[in-house]
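Read the structure below first, then the notes.
Keep in mind that what you see is a predicted model, and the values were worked out from it rather than measured.
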Amino acid sequence: MKLSGFQVMKRLIILVKPLMPIMLIAIMMGVLGFICAIGIPIVSIYALLNISSISLMYILIILVILALLRGVLHYIEQACNHYIAFKLLAIIRDHVYTALRRLAPAKLDGKDKGDLISLITNDIELLEVFYAHTISPCMIAIIMAIILLSLFASMNMMAMIIAFIAYFIMGIVIPYIVSMIGSDIGQQNRNAIGHMSSFLLETYRGLTTLFQYQLGDTRKEEMLHLSDDIDKLSLEMKNIEGSQNIASQILISLSTCIMFIAMFIQYQNGIVNINEVIMCSVLMVSSFGPFTALSQLSNNLLSTISSGRRVIAILDEEELISEVTTKDQVKFNNIDIHHVDFKYDTEMILNDIDMTLPKGKTTGIIGKSGSGKSTLLKLLMRFYDPVKGYICIDETDIKNINTTNMRDMFAYVTQETVLFHDTIENNLKIAKLDASHEEIVKACQKASI
């Protein structure tokens with residue numbers, strides 16, 4: 001079931017809990033920073049309205065202090081937010097690697113490797129936008145709305161109602177509309193980038209074959225086609241972002257005009273004085289900072305939510321084979337395969353396999369390509385479980401043998417050999433990380449290499 005944007009954000013926010021004190025500091029600094037920013041035009045207008053009774057030097061000192069504080073407070077807010085973001089990205093990567101290890105090999109057998117690489121790199125990296133530029137701005141906007149609406153209410157209730165409607169449209173209505181329009185495009189964009197990563201990975205791995213059969217130009221055309229698809233999706237997202245910016249600017253100008261007209265009408269009716277007309281108008285036009293930041297988040301969140309959805313899908317995916325850790329140790333003995341059936345999806349591969357592999361003897365399994373030889377070995381390693389029947393080692397079902405204990409009994413060489421970018425010695429040490437040089441030499445001699 002596809003998670004909604006709200007459900008994705010809820011899941012991502014839960015991870016912030018251990019870093020909540022730092023998040024509270026970021027929110028506090030953000031609120032104080034916006035108060036300083038809004039305070040600059042308000043203090044200036046107040047000074048002009050009372051220029052005969054206020055010292056110009058005193059006002060200049062206040063303005064300089066507010067400007068400096070705005071910079072310092074904004075820096076602290078951003079430093080806290082980015083500390084939280086990069087700390088959580090490291091935690092999420094650890095969770096994803098753990099999930100991939102848990103899902104391997106059965107659930108990853110058919111997965112697109114390039115798409116997984118894109119998820120581990122690009123998708124997780126995009127979550128930085130959510131943690132560094134979404135959570136605290138939302139909280140700052142809510143707190144600033146309460147402060148600003150209280151200030152408007154102290155001057156005039158009509159001004160407070162106009163400001164509330166403007167803030168609500170800017171901070172909630174516009175982001176909601178943008179999210180509704182662009183959510184599918186964001187998901188398509190992330191999927192297209194994942195597909196491009198897979199395509200590039202396959203191309204790099206098959207360069208020799210491509211050159212041999214002179215397919216470079218064909219592959220290049222396919223790559224350009226995929227790139228054009230991503231460009232089209234990115235352009236659609238930019239168009240949505242441009243429309244959002246236009247709507248936000250129109251709203252700021254329109255709401256300021258409405259505020260001035262409404263307050264001027266009340267001034268003519270003797271309800272407010274001219275100072276309140278000017279102060280409400282200036283406060284209206286200068287107070288959109290927190291809500292504009294909130295509104296603009298919807299553009300970045302189009303990709304971020306899609307990336308979060310892909311990451312959560314991996315974290316939530318159920319493994320086919322669960323590790324066993326609480327059973328008694330078993331020693332290697334005969335392997336008994338009792339009437340085993342196995343199929344990939346709906347395709348039956350093994351049917352009623354019944355045999356014994358005796359300890360101390362060499363057993364060869366022969367058959368046509370695709371007849372299930374490799375699949376049988378994967379069942380012995382318990383990469384998969386049989387659809388029917390069971391496999392025993394020393395008369396113990398392998399489902400009841402500790403996974404580490406069972407894997408230690410096997411040396412499994414696959415058809416696809418993978419060498420890590422390291423020395424031959426370190427590649428061999430994968431079987432035993434603390435092996436001595438003498439042990440490695442002895443193993444190589446036994447393998448006749």
Side-chain angles (χ1 to χ4, degrees), residues 94-113 116 313-418 427-435 439 443 446-447:
D94 182 63
H95 288 343
V96 169
Y97 288 136
T98 302
L100 292 176
R101 183 181 180 278
R102 173 175 54 82
L103 294 171
K107 272 295 183 75
L108 300 186
D109 225 7
K111 291 282 187 181
D112 196 322
K113 303 301 185 289
L116 288 174
I314 284 289
L315 296 178
D316 287 350
E317 192 162 349
E318 292 291 333
E319 67 271 23
L320 286 176
I321 307 298
S322 299
E323 288 203 4
V324 181
T325 58
T326 59
K327 304 296 183 178
D328 294 332
Q329 292 291 101
V330 173
K331 291 185 178 181
F332 180 76
N333 209 326
N334 294 348
I335 301 175
D336 297 303
I337 303 171
H338 297 280
H339 304 287
V340 164
D341 290 356
F342 182 78
K343 60 182 178 180
Y344 293 111
D345 295 326
T346 58
E347 184 182 1
M348 184 64 72
I349 305 297
L350 300 174
N351 185 25
D352 196 29
I353 302 297
D354 191 80
M355 60 189 297
T356 296
L357 306 178
K359 179 181 178 181
K361 292 186 178 181
T362 301
T363 302
I365 303 171
I366 61 174
K368 295 180 180 179
S369 179
S371 62
K373 302 183 299 297
S374 298
T375 299
L376 180 59
L377 294 179
K378 290 178 181 179
L379 292 177
L380 295 178
M381 291 290 293
R382 204 175 173 237
F383 290 167
Y384 300 91
D385 279 335
V387 175
K388 179 183 175 185
Y390 58 95
I391 299 171
C392 293
I393 297 176
D394 193 26
E395 299 182 351
T396 303
D397 192 328
I398 60 173
K399 294 180 181 179
N400 297 319
I401 300 176
N402 290 334
T403 304
T404 304
N405 178 199
M406 188 197 66
R407 299 271 166 82
D408 285 342
M409 299 177 186
F410 294 95
Y412 176 55
V413 181
T414 66
Q415 292 177 331
E416 296 181 11
T417 303
V418 177
N427 270 274
L428 293 174
K429 277 187 175 181
I430 289 173
K432 185 180 179 183
L433 295 177
D434 58 349
E439 287 178 299
K446 285 184 176 181

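- Interatomic distance, CG of Leu350 versus NE2 of His339, reported as 14.5 Å (0.5 Å rounding).
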For Leu379 and Phe342, run side chain to side chain contact (heavy atoms under 4.5 Å, CB included): C-alpha distance rounded to whole Å, both residues' side-chain angles, the deciding distance at 0.1 Å, then the answer. CA-CA 9 Å; Leu379 292 177; Phe342 182 78; 3.8 Å; yes

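- For the pair Thr403/Ser322, no side-chain contact is recorded, criterion being any heavy-atom separation below 4.5 Å from C-beta on.
- Ile314 CD1 to Leu103 CG: the interatomic distance, rounded to the nearest 0.5 Å, is 6.0 Å.
- Atoms OG1 and CG, on Thr98 and Leu315 in that order, are 9.0 Å from each other to the nearest 0.5 Å.
- Annotation: the span from Ile391 atom CD1 to His338 atom NE2 amounts to 9.5 Å, rounded to 0.5 Å.
- Counting heavy atoms from C-beta on, the side chains of Ile349 and Leu376 never come closer than 4.5 Å.
- The salt bridge (charged side-chain N to carboxylate O under 4.0 Å, His left out) pairs that include a residue from residues 317-335 are Arg101-Glu323, Arg102-Glu319, Lys107-Glu317, Lys111-Glu317, where partners are two or more places apart or lie in different chains.
- One finds the CD1 atom of Ile335 at 9.0 Å from the CD1 atom of Ile398 (value rounded to the nearest 0.5 Å).
- Counting heavy-atom neighbours within 6.0 Å of Tyr390 OH, excluding the residue itself, gives a total of 12 or less.
- For Lys432, the salt bridge (charged side-chain N to carboxylate O under 4.0 Å, His left out) criterion is met by Glu439, not counting sequence neighbours.
- Asn334 contributes a side-chain N or O that, together with a main-chain N or O of Lys359, makes up a donor-acceptor pair within less than 3.5 Å.
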Could you check Val387 against Met348 for side chain to side chain contact (heavy atoms under 4.5 Å, CB included), going step by step and ending with a plain yes or no? CA-CA 10 Å; Val387 175; Met348 184 64 72; 5.8 Å; no

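- Counting only distance, with no hydrogens or angles, the side chain of Thr396 and the backbone of Cys392 share no donor-acceptor pair below 3.5 Å.
- By the 4.5 Å heavy-atom criterion applied to side chains, Val330 and Asn405 are counted as neighbours.
- Listed by first then second residue, pairs satisfying side-chain hydrogen bond (donor to acceptor under 3.5 Å, both in side chains) with a partner in residues 373-384 read Asp109-Tyr384, Tyr344-Thr375, Ser374-Gln415, Arg382-Asp385, not counting sequence neighbours.
- Note that CG of Asp336 is 8.0 Å distant from CG of Leu357, once rounded to the nearest 0.5 Å.
- For the residue pair Asn402 and Thr325, no side-chain donor N or O sits within less than 3.5 Å of a side-chain acceptor on the partner.
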Evaluate the criterion side chain to side chain contact (heavy atoms under 4.5 Å, CB included) for residue pair Asp352 and Val340; output intermediate values, then yes/no. CA-CA 5 Å; Asp352 196 29; Val340 164; over 6 Å; no

As a quick check of understanding, evaluate side chain to side chain contact (heavy atoms under 4.5 Å, CB included) for Leu377 and Tyr412, giving each step before the final call. CA-CA 8 Å; Leu377 294 179; Tyr412 176 55; 3.9 Å; yes

